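Contents: one structure, followed by commentary.
Keep in mind that what you see is a predicted model, and the values were worked out from it rather than measured.
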Amino acid sequence: MPEIVHEPEAQRFVLLDQVKEIGHLDYQLHDMTMNITHTHVDAAYQGQGLARHLVEAAMAAADQAGWAMRASCDYAERVLVKAGRLSDY
């Protein structure tokens with residue numbers, strides 16, 4: 001599986017295949033709540049569950065930091081709902 005790297009200063013997670021960026025998840029942090037704003041996986045890598053892995057990495061980071069979660073990205077919202085992780089807002 002490709003590597004996921006958290007870039008907190010850019011508020012994003014990057015999905016790497018070797019050194020090539022093949023996807024990313026962007027978020028905004030406000031009042032101890034991570035809002036996932038966008039997910040993207042390059043077309044050649046879609047259908048492998050990689051976007052879900054990006055959202056799961058964001059969930060793990062939020063857990064570690066004690067942040068609530070929400071999503072303005074439709075895909076991320078579906079994943080968070082299924083995981084029972086969507087915070088009220």
Using distance only, find each side-chain donor-acceptor pair of residues 42-52 under 3.5 Å and give its atom names and separation, not counting sequence neighbours.
unit_1, atom_1, unit_2, atom_2, d
D42, OD1, H40, NE2, 3.1
Y45, OH, D17, OD2, 2.8
Q46, NE2, V41, O, 2.8
Q48, NE2, Y45, O, 3.3
R52, NH1, E56, OE2, 2.9

### Query
For the atom pair CH2 (W67) and OG1 (T33), what is the distance rounded to the nearest 0.5 Å?
10.5 Å
#### Entry: Straight-line distance of H6 NE2 to F13 CZ, nearest 0.5 Å
3.5 Å
## Note on the structure
CG of D74 to CD1 of I36, rounded to nearest 0.5 Å, is 12.0 Å
### Task
Report yes if some heavy atom in the side chain of L16 is under 4.5 Å from a heavy atom in the side chain of P2; otherwise report no.
no
### Task
First locate atom CZ of R12, then atom NE2 of H38, and finally report the distance between them rounded to the nearest 0.5 Å.
9.0 Å
### Identified side chain to side chain contact (heavy atoms under 4.5 Å, CB included) counterpart of L86 within the set M69, R78, E77
E77
### Message
How long is the straight-line distance from CG of L15 back to CG of L54, given to the nearest 0.5 Å?
### Response
5.0 Å
### Task
Please lay out, stage by stage, how T37 and S72 fare under the test side-chain contact (heavy atoms from CB on, under 4.5 Å).
CA-CA 5 Å; T37 59; S72 50; 3.7 Å; yes
### Query
Which pairs count as salt bridge (Lys or Arg N to Asp or Glu O under 4.0 Å) when at least one residue sits in residues 31-41, sequence neighbours excluded?
none
### Task
Side-chain contact test, heavy atoms from C-beta onward, threshold under 4.5 Å: evaluate it for I4 versus H53 and give yes or no.
yes
### Message
Give me the atom names and distance for the closest heavy-atom approach of M32 to A65.
### Response
CE-O, 4.0 Å
### Query
Which other residues end up in the same hydrophobic cluster as V19, if Ile, Leu, Val, Met, Phe, Trp and Tyr are linked when side-chain heavy atoms come under 4.5 Å apart?
none
### Message
Run Y75 and V55 through side-chain contact (heavy atoms from CB on, under 4.5 Å) and show every step you take.
### Response
CA-CA 9 Å; Y75 175 78; V55 176; 4.1 Å; yes
### Task
Look up atom CG in L25 and atom CD in E7, then write down how far apart they are to the nearest 0.5 Å.
11.5 Å
